[in-house]
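Side chains are part of it too, since the values below use all heavy atoms of this structure and drop only hydrogens, waters and symmetry mates. Being a predicted model, the structure only gives us computed values, none of them experimental.
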Amino acid sequence: ALVAIDPRSGEVLAFVSKPTFDPNLFVDGIDNESWQALNDSIDKPLLNRALRGTYPPGSTYKPFMAMAALEAGKRSAGTVINDTGSWTFGGHQFRSHGLPLGPVDMHQSIVKSSNVYYYSLANELGVEAIYDFMMPLGFGQITGIDVLGEVRGVLPSQEWKRNYYKRPEQKKWFSGETISLGIGQGYNTFTMLQLAHATATLAQGGVQHKPRLVLATQDSVSQALRPATVTAPLDLGYKSEHVAIIKRALASVTQDGTSARVFAGAGYLSAGKTGTAQAVGIRQNEKYNAAKLEEHQRDHSLYIAAAPIDAPTVVLAVIVENAGFGAEAAAPIARRVFDYLLLGQAPSEQDL
C-alpha cells in the first residue's frame with residue numbers, strides 16, 4: 001500500500017493498493033468460482049490496503065515519538081542514551097534489531113534507528129502521554145478523507161484496553177506494555193493513510209490539512225465544475241525549533257542513514273525514515289529468522305518520506321507486506337515515486 005499527499009493542501013497524489021483484481025469480473029455479476037478465488041486468496045486482493053489495511057508502523061513511529069518528547073519537555077535533543085543492544089524492564093529483555101549502537105542522542109537515534117532509545121523514552125512518557133500527542137496527528141483516528149470505508153486501527157490507551165477486553169484481568173494496563181509502543185509495535189496498528197497524513201502534518205510544521213481525493217464535482221447536464229469544499233487547516237501548535245530538530249534527522253536518514261544507499265544520486269534532497277514491523281511475535285529467547293517463517297509471517301517493510309526537503313510538495317507512506325527491512329523494499333519504491341513526481345522520470349520496464 002502507498003499513499004502520497006501534497007502536505008500544503010491535503011490533496012491525495014497517489015492511493016495504491018496491491019495486489020488488486022479485475023473489476024470487469026463484477027460487471028455482469030461475478031461467477032462463483034472467481035468470487036471464491038478472490039475471497040480465499042491469502043493475498044486478499046479485495047482489501048483496500050491503503051484505506052483499510054492496518055499495520056504496526058515499526059520504526060517510522062520514532063520521529064513522532066521524538067517529537068512527543070520535545071513537545072512534552074520530557075527529553076531534550078542533546079540527551080544521550082547508551083544503546084547496548086537491548087533494554088530490560090520488569091525482567092523482560094527488549095531487543096534491538098542489530099548490533100549495539102553505543103551512545104546516541106535524539107538525532108542519531110533517528111538516523112541509526114535505535115530501539116533502546118525509544119524503549120526508554122516510551123517508559124518515560126507513559127502510554128497516556130503518547131496517546132495525547134499521537135491522537136491529534138490522526139493515529140488511530142478517522143482522517144475524514146472523502147471516500148467511504150476508512151478504519152481507525154488502534155492507538156492504545158488505558159481506556160481503550162478497558163473497553164476492548166472482556167475479562168477483568170485483561171483490562172488492566174501493565175507498564176511493560178508501554179515499552180514496545182515506542183518502536184511502533186505492541187498494540188499500535190495504523191493505516192498507510194494515517195501514517196501519510198501524520199507525516200504531512202509534521203512536514204508542514206504541525207499544520208494539518210484533511211486528506212482529500214475529490215477536487216471538484218461535475219454537473220452531468222451542464223458539465224459545469226464545482227470545486228470541492230476544503231476544510232480549513234488545523235495548527236497543532238508545534239514549536240518550530242522542535243520541528244527543525246526532527247526534520248534535520250530525517251534528512252540525515254537519506255544522506256548517511258538507513259536509506260542513504262537508496263537515495264544516492266537523487267536530483268533532490270528528501271527526508272525519510274525506514275521501518276520494519278513484525279507481522280507475528282517471536283519469543284523472548286528466539287531470534288528472528290525469515291527463512292524459517294512462512295512468507296505471510298515475515299516482517300513488513302515500511303518507509304515514510306517528504307520531498308523536496310526545504311519546502312515539501314509530496315509526502316508518502318508505503319508498506320510492502322512481509323518484505324523485510326524498510327530500506328530493502330519500501331524505500332526503493334519511495335525513490336521511484338519521488339523521481340516521477342519531482343523529476344518526471346518514470347521507471348524503466350527493466351526496473352519495474
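- Taking OG1 of Thr60 as the reference point, atom CE of Met65 lies at 12.5 Å (rounded to 0.5 Å).
- For Leu213, the side-chain contact (heavy atoms from CB on, under 4.5 Å) partners are Val12, Phe15, Ile145, Asp146, Val147, not counting sequence neighbours.
- Ring planes of Tyr55 and His300: perpendicular class, angle over 60° (limits at 30 and 60°).
- For Tyr131 and Trp160, the ring centers are positioned 6.0 Å apart or more.
- A donor and an acceptor atom, one from each side chain of Thr178 and Trp173, are located under 3.5 Å apart.
- Here the CG atom belonging to Leu46 is positioned 8.5 Å from the OG1 atom belonging to Thr20, to the nearest 0.5 angstrom.
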Please output the side-chain donor-acceptor pairs of residues 323-331 that fall under 3.5 Å, not counting sequence neighbours, one pair per line with the distance.
none

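- Put simply, the side chain of Lys171 gets close to the backbone of Arg162: a donor and an acceptor are under 3.5 Å apart.
- In this structure, Asp43 contributes its side chain and Pro45 its backbone to no donor-acceptor pair below 3.5 Å.
- Two rings, from Phe190 and Tyr61, have their centers less than 6.0 Å apart.
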I would like to know whether Tyr187 and Tyr164 meet ring pair (Phe, Tyr, Trp, His ring centres under 6.0 Å); could you show each step before the answer? CA-CA 11 Å; Tyr187 294 116; Tyr164 183 79; 7.9 Å; no

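- Follow the hydrophobic side-chain contacts under 4.5 Å out from Leu269 and you never reach Ile246; the two are in separate clusters.
- Side-chain N or O atoms of Ser41 include none that pairs as donor or acceptor with a backbone N or O of Leu38 at under 3.5 Å.
- When atom types are taken as modelled, the side chain of Gln194 and the backbone of Thr143 share no donor-acceptor pair closer than 3.5 angstrom.
- Side chain of Arg52 to main chain of Gly149: a donor-acceptor pair is present (N/O by atom type, distance under 3.5 Å, no hydrogens or angles).
- In terms of heavy atoms, Pro103 sits closest to Asn82 at N-OD1, 3.5 Å.
- Looking at every heavy atom in both residues, Ser180 comes nearest to Gly186 through CB-N, 3.8 Å.
- In the model, Gln108 has no side-chain atom that pairs as donor or acceptor with a side-chain atom of Tyr117 under 3.5 Å.
- Asp339 and Tyr268 share a side-chain donor-acceptor pair at under 3.5 Å.
- Put simply, CZ on Arg335 and OH on Tyr303 are 10.5 Å apart, with the number rounded to the nearest 0.5 Å.
- Atom CG of Leu181 and atom OH of Tyr119 lie 11.5 Å apart (nearest 0.5 Å).
- Looking at Glu128, its side chain does come within 3.5 Å of a backbone N or O of Gln158 through a donor-acceptor pair.
- Judged by distance alone, the side chain of Lys210 and the main-chain N or O of Val230 form no donor-acceptor pair under 3.5 Å.
- Put simply, the side chain of Ser17 gets close to the backbone of Leu47: a donor and an acceptor are under 3.5 Å apart.
- A donor-acceptor contact closer than 3.5 angstrom is absent between the side chains of Arg75 and Ser109.
- A donor-acceptor pair under 3.5 Å is formed between the side chain of Thr254 and the backbone N or O of Ser270.
- Atoms OG1 and CE, on Thr79 and Met106 in that order, are 7.0 Å from each other to the nearest 0.5 Å.
- Ring to ring, Phe133 and Tyr238 are close: their centroids are under 6.0 angstrom apart.
- Residue Ile333 is not grouped with residue Leu302 when hydrophobic side chains (ILVMFWY) are merged at heavy-atom distances under 4.5 angstrom, including chains of intermediate members.
- Of the inter-residue distances, the one linking Ile183 atom CD1 with Asn115 atom CG reads 4.0 Å to the nearest 0.5 angstrom.
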Stepwise side-chain hydrogen bond (donor to acceptor under 3.5 Å, both in side chains) test for Ser113 and Thr258: CA-CA 8 Å; Ser113 202; Thr258 50; 6.0 Å; no

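- Judged purely by distance below 3.5 Å, without hydrogens or angles, the side chains of Lys62 and Ser114 never pair a donor atom with an acceptor atom.
- Judged by distance alone, with hydrogens and angles left aside, the side-chain atoms of His107 form no donor-acceptor pair with the main-chain N or O of Ala77 at under 3.5 Å.
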